[in-house]
Amino acid sequence: FSFVGSVLVCNQISCLGHEKLHGAVILLARQEQADGHVSGVILNTPAESADGGLLCLGDVLTPEGEKFFGSHLCGCRLFLGGDVAPNVFSAVYELKQRDEEDPGDGTMKTVFTFDMERLKQDVDDGIVDCKHIGLFLGHCGWAHDQLWSELDRNVWFHGRVGDVQK
């Protein structure tokens with residue numbers, strides 16, 4: 001069974017002592033074949049400045065980081081993806097489909113990656129619109145058995161939303 005492409009919604013009576021996870025909506029985007037470890041990002045926690053304003057990538061980067069990401073990505077909204085590796089970026093984005101690839105049903109290919117070089121290349125190749133990129137600091141993670149245990153205890157509501165490409 002693959003969790004990739006599904007969503008967890010925190011049960012309102014769960015994770016009360018865990019501010020980042022209480023009320024979270026999490027896209028499960030990666031599952032390791034070897035051990036079943038599952039990773040995802042919290043979709044509903046935008047990064048905010050001290051005065052409550054929403055942060056973009058460019059707001060948190062050093063000059064070296066701005067040079068690496070380039071001006072076209074610095075305007076992307078930034079989210080807090082979870083408490084695992086809180087200083088590591090990941091991205092979720094939609095790939096534009098070429099006419100010959102369009103299945104005609106309105107679906108798009110969604111990509112989850114920790115590889116910022118790949119993201120930059122996809123933007124440079126014109127197959128990603130910067131308006132359709134979610135950038136995340138940190139992510140969530142579960143051992144395979146841990147997630148099943150939490151689902152059995154109704155910590156999370158689980159639903160499928162579509163396919164995510166690694």
Side-chain angles (χ1 to χ4, degrees), residues 1-57 59-60 73 76-97 101-116 118-119 122 128-166:
F1 178 81
S2 175
F3 286 104
V4 174
S6 62
V7 172
L8 298 177
V9 177
C10 187
N11 188 326
Q12 65 182 357
I13 60 169
S14 298
C15 303
L16 295 173
H18 198 302
E19 186 177 325
K20 289 183 181 177
L21 294 179
H22 183 71
V25 177
I26 300 172
L27 172 65
L28 299 177
R30 176 174 285 166
Q31 186 167 354
E32 300 299 327
Q33 296 234 339
D35 61 6
H37 182 87
V38 179
S39 299
V41 290
I42 301 172
L43 298 174
N44 60 330
T45 309
E48 297 180 349
S49 64
D51 64 3
L54 299 178
L55 293 175
C56 293
L57 178 62
D59 296 328
V60 300
L73 288 173
C76 292
R77 291 265 314 274
L78 189 60
F79 295 84
L80 302 177
D83 54 5
V84 177
N87 296 321
V88 174
F89 286 106
S90 62
V92 175
Y93 56 95
E94 295 177 338
L95 293 176
K96 295 178 185 176
Q97 294 185 358
E101 296 174 344
D102 189 352
D105 61 3
T107 61
M108 297 185 81
K109 290 183 180 179
T110 302
V111 175
F112 173 77
T113 187
F114 291 106
D115 184 353
M116 295 299 104
R118 176 183 179 182
L119 171 61
D122 287 347
V128 177
D129 183 337
C130 288
K131 294 182 287 191
H132 298 284
I133 298 173
L135 288 173
F136 299 86
L137 273 173
H139 64 279
C140 301
W142 294 263
H144 188 266
D145 292 343
Q146 175 190 4
L147 183 52
W148 277 112
S149 173
E150 290 180 14
L151 288 169
D152 287 343
R153 293 190 333 262
N154 295 316
V155 173
W156 305 102
F157 299 108
H158 178 243
R160 303 272 319 158
V161 294
D163 293 327
V164 174
Q165 185 183 50
K166 285 200 268 183

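Note that the numbering runs from 1 along the sequence shown for the chain.
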inquiry  = Using the rule given for side-chain hydrogen bond (donor to acceptor under 3.5 Å, both in side chains), can you reason through Asp51 versus Ser49, listing the C-alpha separation, both sets of side-chain angles and the distance that settles it, and then say yes or no?
reply    = CA-CA 5 Å; Asp51 64 3; Ser49 64; 2.3 Å; yes
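- With sequence neighbours left out, His37 forms a side-chain hydrogen bond (donor to acceptor under 3.5 Å, both in side chains) with no residue at all.
- Taking Leu54 as the reference, Pro46, Glu48, Arg77 meet the side-chain contact (heavy atoms from CB on, under 4.5 Å) condition, with sequence neighbours excluded.
- Across every non-hydrogen atom of Phe3 and Gln31, the tightest pair is N-OE1, 2.7 Å.
- Judged as a ring-ring contact (aromatic ring centres under 6.0 Å, His included), and not counting sequence neighbours, Tyr93 has no contacts.
- Remark: Phe157 pairs with no residue by the ring-ring contact (aromatic ring centres under 6.0 Å, His included) rule, at least two apart or across chains.
- Listed by chain and number, the residues in a side-chain hydrogen bond (donor to acceptor under 3.5 Å, both in side chains) with Glu19 amount to none (sequence neighbours excluded).
- Remark: Asp129 engages Lys131 in a salt bridge (Lys or Arg N to Asp or Glu O under 4.0 Å) (not counting sequence neighbours).
- Between Leu147 and Leu28, some side-chain heavy-atom pair lies under the 4.5 Å cut-off.
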Can you give the donor-acceptor pairs under 3.5 Å from side chains of residues 83-92 to other protein atoms, not counting sequence neighbours?
{"unit_1": "Asp83", "atom_1": "OD2", "unit_2": "His18", "atom_2": "NE2", "d": "3.1"}

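- Within the structure, salt bridge (Lys or Arg N to Asp or Glu O under 4.0 Å) pairs that include any residue of residues 143-153 do not occur (at least two apart or interchain).
- Atom OG of Ser39 sits about 8.5 Å away from atom CH2 of Trp142, to the nearest 0.5 Å.
- Legend: residues meeting ring-ring contact (aromatic ring centres under 6.0 Å, His included) with His22, ordered by chain and number and at least two apart, are absent.
- Under the side-chain contact (heavy atoms from CB on, under 4.5 Å) criterion, Cys130 pairs with His72, Leu73, Cys76, Val123, Ile133, sequence neighbours left out.
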